[in-house]
Undergrad: 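What follows is a structure written as structure tokens; I'll ask about it next.
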Amino acid sequence: MSSFRRDFITKPIFSWARGVLPSMSDTEREALEAGDVWWDADLFAGNPDWSKLLNQAPATLTAEEKAFLNGPVDELCVMLDDWKINWEWRDLPPEVWDFIKQKKFFGMIIPKEHGGLGFSPYAHSEVVRKLSSRSLAAAVTVMVPNSLGPGELLMRFGTKEQQARWLPRLADGRDIPCFGLTSPEAGSDAASMIDSGVICKGTFEGREVLGLRLNWHKRYITLGPVATLLGLAFKAYDPDHLAGNVDELGITVALIPTDLPGVSIGHRHLPAMQVFQNGPNWGKDVFIPMDYIIGGQTRLGQGWKMLMTALAAGRGISLPSLSAAGAAYAARTTGAYARIREQFGISIGKFEGIEEPLARIAGIAYLLDGARRLTCAALNEGRHPAVISGIMKLQATERMRIAIDDAMDIHGGKAVIDGPQNYLGSLYRSVPVGITVEGANILTRNLIVFGQGAIRAHPYLLQEMNALGEQDHAKGLDAFDDAFWKHVGHSVVTLFRAFGRSWTGGMFAPAPDAGEATGFYRQLSRYSSAFALCADMALLTLGGALKRKEMLSARFGDILSELYLLSAALKRWQDEGRQAADFAALEWCMASGFRTMENRFAEILANLPNRFVAVILKFVVQPFGARVLGPSDRVVHECAQLVLEPSAARDRLTPDLSHVDDDRGVARLEKAFLLVTGAEEISKRMRAAHLHDWQEAVKRGVITQAEGEQLKAAHEAVAGVIEVDDFAPETLSPIYKKPADVHSFFQELGGQRAAS
């Protein structure tokens, strides 16, 4: 029976599919093969096993990692003055660079046997998180050597000799690394790279060896201006066949000491007024021996796969950590400011117009840190979830942008006027950097999340594609027959599953016993099955053309992203002991995510080219239309309250941030927040007596002298927070030498214009 099916039913389908399968470039194939799948595969299958998620061990720190966070990291935070770093020094001061090297911040991920700290991905994430809340320049400086770069590539692909030579130097800061990938001709499209390395013989350290002569121009390279060891991506060529019989070998990565003849570094970019070291570099006829290729000569042409494998993990750590920290920082500072700032005689946090964005900030903070922790838990186990890392980079930086915009709106002029007292301005300016780097978000959303996820996370699609690409026709047909009919069976089951769950509103969808959160699991099971069915039908009706339907792909990617992020929020709720006080944040996340998914389903069904299939799908998965409206007013109010009063819930929402008592910015705000909330009962008695002067209230016996002094301290603290910076003209511009010059300068300028 199986041979009849294969020869008379499957074979025509196999032949047709081979003819319409779109061609795939080497870089696309290597990107797809990088990393692995994890919880995303459960979500894509349409029937997630919730016990698998809940049994996942949470990410934890070792005693040594905790000691590092409470020791060197806190010490470094005290040393950082973000205003001076950004506006006076335009760099980290020398003592900070020395401290970072001395304490091995550059070697956090390097194993101890090579002189590093040997920390887990979660420890790396926690360090970046805390530093980000104090100085973005310091956080980026520390995170880049521990992310995609020479260190990670050497650990994964380097020869033993390369590891022994370079890793100890990277760990203790004798070498500062950077990685050069982006060039003027090739940003997101690495295949367009024209940086080249031609295999030839040359003289190196006094002897003739086989090597490569390199020419390149890279830009946007973080740590590039100060790097001593450059990891370089280029295309390798062998026109004289000195290493084999192939002329064009493909993208290759090598180590380039920056003191080699022909290397030019030192110039700096200024990315959105952020002063972490970043700049271009060039190489002209730079000769290196073959053993400077990471992994040696056998790794010629394997660079893109190496980079994608490393990126599969790296994108899930650094920028998500920075983004989660930014959202938590916005929640903590904005909640405090909204609580102490009064307009029309009441705290602005009591206005519903303020509660809505404040709840959004708090909800985003809860969501992102849950997703960060879940992703780090997978990375701690040695997984490299490529699709999830893409989701995290995209969604974390985008949602940080929303949270910071909301924080700026609530703060108003306080956050607009720059100066040492402005604790939001630098973070606000940095947002476009995170959006752009490690794969621009527009590209990631439109092409990568669903495009990569549909192939890697789908239970059968990759098997089918591999079978279609098999050179041995008979072997390919057998493999395709097996995968295709399993796919058909899976689709039929998913159809009935999605139909039942959608028409019953998820009432009987599988869910663990999770108390108040049980219904949320049911809804995610419902949406997962609907997603799996719609994705299958889109792939079936569009085939390779779906790759060009970027708006459809983006909407599918949004649904997959929400499924993962909301799973992470539920996991956080469970791991933290189902804290009743935090439930409003979880409710906000769920209602917001459900609204997004419902809208994306409606948009997909309205725009799917095959209208017959679209009508059937609408009947099956969204028979009553998009009905979720988002968080209710009650949920918004309760979520906003989480950050408006001192509480354990507020601390859980905004954990592990830097707290330096320097009587500036955030330190002043925290002090005022505690004083104002501590004096709330006193203020209520004053208002009830219709009094505004605390001294008059003391005279009338409404409050005691001690209470009056407490109220006075609160008012003074608030005044200190509301204060914004101003500067003498000569401190801002060299055209003024002293204050008196301002008036004379403009008088003279006016006279010159009149004369002309």
Side-chain angles (χ1 to χ4, degrees), residues 12-25 28 32 43-46 387 390-391 394 441-462 464-465 468-469 480 483-484 487-499 501-503 526-563 595-627:
I13 299 173
F14 178 71
S15 299
W16 169 81
R18 289 189 78 163
V20 300
L21 183 71
S23 60
M24 188 180 300
S25 69
E28 287 178 310
L32 283 172
L43 296 172
F44 225 107
V387 177
I391 289 172
L394 163 67
N441 282 5
I442 291 176
L443 171 76
T444 304
R445 177 174 181 261
N446 285 274
L447 294 176
I448 294 177
V449 171
F450 181 71
Q452 189 175 25
I455 298 173
R456 289 305 310 276
H458 191 283
Y460 302 109
L461 189 58
L462 184 59
E464 292 168 328
M465 291 182 66
L468 292 169
F480 182 79
F484 177 76
H487 189 166
V488 170
H490 167 75
S491 296
V492 171
V493 170
T494 301
L495 170 65
F496 285 103
R497 183 181 288 143
F499 177 79
R501 293 176 184 176
S502 297
W503 277 82
R526 167 193 166 195
Y527 290 129
S528 176
S529 61
F531 169 77
L533 178 65
C534 290
D536 256 357
M537 292 303 100
L539 290 164
L540 176 66
T541 57
L542 287 167
L546 183 56
K547 179 180 176 181
R548 297 184 293 277
K549 295 289 185 181
E550 294 177 25
M551 288 186 281
L552 278 177
S553 179
R555 293 171 184 129
F556 276 115
D558 288 347
I559 297 171
L560 181 59
S561 296
E562 291 291 345
L563 288 169
R595 174 178 58 192
T596 297
M597 286 192 285
E598 292 258 358
N599 287 338
R600 294 298 179 271
F601 277 121
E603 291 162 5
I604 288 167
L605 298 175
N607 290 281
L608 199 64
N610 190 314
R611 299 313 303 154
F612 175 76
V613 170
V615 169
I616 297 299
L617 285 175
K618 180 169 176 29
F619 175 78
V620 171
V621 306
Q622 205 172 56
F624 310 111
R627 303 180 67 188

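Note that this is a predicted model, so its numbers are computed, not measured.
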Undergrad: Measure the CZ-CZ distance between Arg600 and Arg555 for me, rounded to the nearest 0.5 Å.
TA: 8.0 Å
Undergrad: Quick check: do Leu533 and Arg497 have side-chain heavy atoms less than 4.5 Å from each other?
TA: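 No, side chains not in contact.
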Undergrad: Can you name the nearest heavy-atom pair linking Leu605 to Ala614, along with the distance?
TA: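 In this case the closest contact between Leu605 and Ala614 is O-CB, 3.5 Å.
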Undergrad: Can you confirm whether Val387 sits close enough to Leu560 that some side-chain heavy atom of one is under 4.5 Å from a side-chain heavy atom of the other?
TA: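 Counting from C-beta outward, Val387 and Leu560 do come under 4.5 Å.
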Undergrad: For the residue pair Met551 and Asn607, establish whether any side-chain heavy-atom pair is separated by less than 4.5 Å.
TA: no
Undergrad: Between Ser528 (side chain only) and Leu43 (backbone N and O only), is there a donor and an acceptor less than 3.5 Å apart?
TA: yes
Undergrad: In Å and rounded to the nearest 0.5 Å, what is the CG to NE2 distance from Leu461 to His487?
TA: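 Rounded to the nearest 0.5 Å, the CG-NE2 separation comes out at 6.5 Å.
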Undergrad: Do Asn610 and Met537 make a side-chain contact, defined as non-hydrogen atoms from C-beta onward lying under 4.5 Å apart?
TA: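 In short, these two side chains do not touch, never coming nearer than 4.5 Å.
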Undergrad: For Ala538 versus Leu608, what's the shortest heavy-atom pair and its separation?
TA: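 Result for this residue pair: CB-CD1, 4.2 Å.
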Undergrad: Within the distance-only criterion (no hydrogens, no angle test), does the side chain of Ser502 pair as donor or acceptor with the backbone N or O of Phe499 below 3.5 angstrom?
TA: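 Such a contact is absent between Ser502 side chain and Phe499 backbone.
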Undergrad: Tell me if a side-chain donor or acceptor on Ser553 pairs with a main-chain N or O of Lys549 at a distance below 3.5 Å.
TA: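 Flag not set: sc Ser553 to bb Lys549 has no pair under 3.5 Å.
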Undergrad: Within a radius of less than 6.0 Å around CD1 of Ile616, do more than 12 heavy atoms belonging to other residues, nucleotides or ligands occur?
TA: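 Correct, the count exceeds 12.
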Undergrad: When the ring planes of Tyr460 and His458 are compared, do they come out parallel, tilted or perpendicular, using 30° and 60° as the limits?
TA: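 Perpendicular.
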Undergrad: Mind checking whether Phe44 and Phe531 have ring centres under 6.0 Å apart?
TA: yes
Undergrad: Measuring from Leu563:CG to Asp558:CG, what's the distance to the nearest 0.5 Å?
TA: 11.0 Å
Undergrad: Going from CG on Asn441 to CG on Leu394, what distance comes out if it is rounded to the nearest 0.5 angstrom?
TA: 5.0 Å
Undergrad: Taking all heavy atoms of Ala602 and all of Ala626, pick out the closest pair and write down the distance.
TA: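 That closest heavy-atom pairing would be CB-CB, 4.4 Å.
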Undergrad: Looking at Ala535 and Phe556, what are the two nearest heavy atoms and their distance?
TA: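 Smallest heavy-atom distance, with atoms named: N-CE2, 3.6 Å.
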Undergrad: I want to check something: taking the side chain as every heavy atom from C-beta on, are Leu542 and Leu552 in contact at a cut-off of under 4.5 Å?
TA: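 Heavy-atom side-chain distance check passes, below 4.5 Å.
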Undergrad: Looking at every non-hydrogen atom in both residues, tell me the closest pair between Val621 and Ala498 and how far apart they are.
TA: CG1-CB, 4.2 Å
Undergrad: Please determine if Glu598 and Arg595 form a salt bridge, counting it only when a charged side-chain N lies under 4.0 Å from a carboxylate O.
TA: no
Undergrad: What is the distance from atom CD1 of Ile604 to atom NZ of Lys618, rounded to the nearest 0.5 Å?
TA: 13.0 Å
Undergrad: Would you call Leu546 and Phe450 a side-chain contact if the rule is heavy atoms closer than 4.5 Å?
TA: yes
Undergrad: Which heavy atom of Ala45 sits nearest to which heavy atom of Thr494, and what is that distance?
TA: O-OG1, 4.2 Å
Undergrad: Once rounded to the nearest 0.5 Å, what's the spacing between atom OH of Tyr527 and atom CD1 of Ile559?
TA: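 With rounding to 0.5 Å, OH (Tyr527) is 10.0 Å from CD1 (Ile559).
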Undergrad: Does a sphere of radius 6.0 Å around CZ in Phe624 hold more than 12 heavy atoms from other residues, nucleotides or ligands, not counting ones at 6.0 Å or beyond?
TA: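 More than 12 heavy atoms, drawn from other residues, nucleotides or ligands, come within 6.0 Å of this atom.
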